[in-house]
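In what follows, a structure is listed as structure tokens, so that the remarks can point back to it.
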There are 2 protein chains.
Amino acid sequence: MGDKGRPAPKGRVPATIYDIARITGVNPSTVSRALNQPGRVSASTEQRIREAAADLGYRTNPMARALPTGKTGTLGLLVSDLTNPVYFDLVRGAERVAREHDTMLVFADSQESAELERSTAERLQIAVDGLLLVASRLEDAQIQELAAAKPLVAVNRPVPGVPSVAPDVRPGMIEALDLLHGLGHRRIAYLAGPEASWMNGMRWVTAHDLAVDRGMSIAEIQSSAPTREGGTDAFAAVMAADVTAVLAYNDLVALGLLGACLEHGVAVPRDLSLIGFDDIFGADLSAPALSTVRCSWGDMGERAVAKLLGAIQDGDASGAELNLPTEFVSRASVAAPGR
Amino acid sequence: MGDKGRPAPKGRVPATIYDIARITGVNPSTVSRALNQPGRVSASTEQRIREAAADLGYRTNPMARALPTGKTGTLGLLVSDLTNPVYFDLVRGAERVAREHDTMLVFADSQESAELERSTAERLQIAVDGLLLVASRLEDAQIQELAAAKPLVAVNRPVPGVPSVAPDVRPGMIEALDLLHGLGHRRIAYLAGPEASWMNGMRWVTAHDLAVDRGMSIAEIQSSAPTREGGTDAFAAVMAADVTAVLAYNDLVALGLLGACLEHGVAVPRDLSLIGFDDIFGADLSAPALSTVRCSWGDMGERAVAKLLGAIQDGDASGAELNLPTEFVSRASVAAPGR
DNA sequence: CTGAAAGCGCTTACAG
DNA sequence: CTGAAAGCGCTTACAG
């Protein structure tokens, strides 16, 4: 690479199989075979073709290949917000498996908007072999429509008839509620996430049932957004609810609420115990460090890509997996109620 | 949407302009014109064509369009690590401008590997109209080669002959060093980032010169990675350096070092003052909160996309902008040296 | 083992 | 205003 002279002039036109064919004196179809179906061509021609390709810096044009084959060799991963730390491990897990299968992964971001999610999904879908839809805000029917067009795996949310991967929130939440109950908490609240989020509904229902089972009261408090700001904004509502502990939809919301508490002189955990969800980057940084229910996002990423790849190859779209384990991570933000 | 009957069967084949042409009784070329060059076709035909397109749920196939035109309508953004909070604002800024121009943005991640960066860039490049290369680990020559093939903008690093956008670190660092000096610090250290990072070199050189100007000594300490682990691992080396303040390559490293200090009973800021870079998500969460030099990543994202779009349209690849301002953000991790 | 041809879905001069 | 044709770069039956 360094110095084959200075960089080629701007308009450099990429080499095609026709260039290679001309140089080596064979038919373009032979070039295509030599490059893609090793063994289908005599060793010596293949050799010459490969050399010429290397000389010309040939790269096969994925667009052109996609037209006749319908395969692009890339997968799309669409999340509601790429800049949400929740997705870090998911991204890493997905990349790990994609890399192993020599598949390129491209990411896109629907910016928490269902409308944008839909249009982005459609646009992305046509340029990839399959789509991973993470924490979708779409309706089941819309997801089913997308899934009908091309292989798709829903992540962090089951959709009837569509392959999916999601965590089982119960184990982690049982740990959390047992701990709260054991410490003496009897009135708690769930600080909710987006209404359109399936996972929010799941967390609320599970928390509710587990709390009731244990003879605790539980209030649902709305938040304006699943972000730190959303948590901060909910401070007054939380105070008004008169509870001793809060389970937040996610760590971002919990951290936002934590910040507001500190600012208003509400001591955590003495006056209020706080539990988040996801164990994101930063959850252990706060003071007090945030207790949280962790799901294996890394595993979800791996499983989801593996499943999608399977669906693409064999058309095998085996159903839902709703069983990735969760666990409670105990940190300083939880204690016995102070009064 | 909802219920046009149940979702179409899996293999549903997308409608093409030929389908529309057949239904409306015109030539496919007319369909193409009606859809893309409003006005070039009689109002009534255009009308009929649009209706048929809507009926069939027609979406133009970007691959097929890209072949004759060479344009895909999408931009690629390649970063060294998508899960690094540093890039949050960059991503948002880039998306803002892309959306305004009805351009799709796809993201990819080189996982901190120069080799992977190169191959990903090449692969991505052929599927997009232009590439944003963020904090590249490649050599100038390699970047120049990529830039020769297709419009490219380097972000957070200038490259000779390649359009770029990068911050001017001096203003923020002057504030930081003036503060340290004023507080009485005389022996400080720079905890370095990746050697291959242009920005790391820039920060070191600037810190060095400014420190020397002020009669302070400054040591360079290596870190194993630009992550929290990298900062933690550097604890012993920092202690050995016998300094009263540390400037870290970035906030992640600073937060890692901070954690190690607390763990080993080194009080921050009394025993050691700490300053990071970038003001990432979480920098204000730690205890003590981290002082840091903030650059306008959001602006960089916006400018970079605007510049790339310009380069694609007019071939106008105006040069480097090395002037995005930085500022010091003062938080609790800095104080006068304690002994 | 390899060539010649047709086709993937679209765009765009070129005619009329 | 619209049709017919050629071409973008590749793949893949079909022959030989």
Side-chain angles (χ1 to χ4, degrees), chain A residues 11-50 52-53 56-74 122-123 125-129 149-150, chain B residues 11-50 52-53 56-74 122-123 125-129 149-150:
Chain A
R12 180 174 66 185
V13 29
T16 71
I17 57 170
Y18 292 94
D19 298 321
I20 303 179
R22 190 164 9 84
I23 290 186
T24 54
V26 302
N27 191 281
S29 56
T30 303
V31 175
S32 174
R33 289 188 200 101
L35 262 21
N36 302 306
Q37 318 183 34
R40 286 272 283 108
V41 148
S42 81
S44 66
T45 2
E46 179 173 338
Q47 170 78 337
R48 276 164 45 224
I49 289 175
R50 290 202 177 281
L56 294 174
Y58 172 78
R59 306 269 145 193
T60 133
N61 180 329
M63 254 82 189
R65 166 178 288 168
L67 216 40
T69 62
K71 294 293 172 214
T72 65
T74 111
E122 279 177 345
R123 214 161 150 179
Q125 200 173 36
I126 212 157
V128 300
D129 296 340
K150 235 174 208 184
Chain B
R12 179 175 65 184
V13 29
T16 71
I17 56 171
Y18 292 93
D19 299 322
I20 303 179
R22 189 164 10 84
I23 291 186
T24 54
V26 302
N27 190 281
S29 57
T30 302
V31 176
S32 173
R33 288 191 199 99
L35 262 21
N36 303 305
Q37 317 182 34
R40 285 272 283 106
V41 148
S42 81
S44 65
T45 5
E46 178 173 338
Q47 169 78 338
R48 276 164 44 224
I49 290 176
R50 289 203 178 282
L56 294 173
Y58 172 79
R59 305 271 147 191
T60 132
N61 180 329
M63 254 82 187
R65 167 179 287 168
L67 217 39
T69 63
K71 294 293 172 215
T72 65
T74 111
E122 279 177 346
R123 212 161 153 180
Q125 199 172 37
I126 214 157
V128 299
D129 296 341
K150 234 173 207 183

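Letters A, B, ... are given to chains in the order of the sequence lines, protein chains preceding strands, and every chain is numbered from 1.
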* Asked: For DNA chain D, which consecutive runs of 3 or more Watson-Crick or G-U pairs (each distance under 3.5 Å) count as stems?
  ->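 Result, WC/G-U stems under 3.5 Å: C:1-3 with D:14-16, C:5-12 with D:5-12, C:14-16 with D:1-3.
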* Derivation and outcome, side chain to side chain contact (heavy atoms under 4.5 Å, CB included), residues Tyr18(B) and Val31(B) -> CA-CA 8 Å; Tyr18(B) 292 93; Val31(B) 176; over 6 Å; no
* Structure fact -> Here the gap from Leu67(B) atom CG to Leu67(A) atom CG, rounded to the nearest 0.5 Å, amounts to 6.0 Å
* Asked: According to a strict under-4.0 Å criterion, is Thr45(A) in side-chain N/O contact with OP1 or OP2 of dT2(C)?
  -> yes
* Pro28(A) and Ala21(A): which non-hydrogen atoms are nearest, and at how many Å? ->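 That would be N-CB, 3.7 Å.
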* Could you go through the side chain to side chain contact (heavy atoms under 4.5 Å, CB included) check for Ile23(B) and Leu56(B) one step at a time? => CA-CA 10 Å; Ile23(B) 291 186; Leu56(B) 294 173; 3.8 Å; yes
* **Under the salt bridge (Lys or Arg N to Asp or Glu O under 4.0 Å) test, residues paired with Arg33(A) that sit two or more places apart** => none
* Scan nucleotides 8-16 of chain D nucleotide by nucleotide, 5' to 3', and note B when protein non-hydrogen atoms come under 4.0 Å of the base, S if they reach only the sugar-phosphate, - if neither. => BBBBBB---
* Asked: Just by modelled atom types, is the Ala34(A) backbone N or O under 3.5 Å from a matching donor or acceptor in the Arg50(A) side chain?
  -> yes
* Let me see the working for Asn36(B) and Arg65(B) under side chain to side chain contact (heavy atoms under 4.5 Å, CB included), right down to the final yes or no. => CA-CA 11 Å; Asn36(B) 303 305; Arg65(B) 167 179 287 168; 2.7 Å; yes
* Side chains of Val26(B) and Ile49(B): does their closest heavy-atom pair fall under 4.5 Å? -> yes
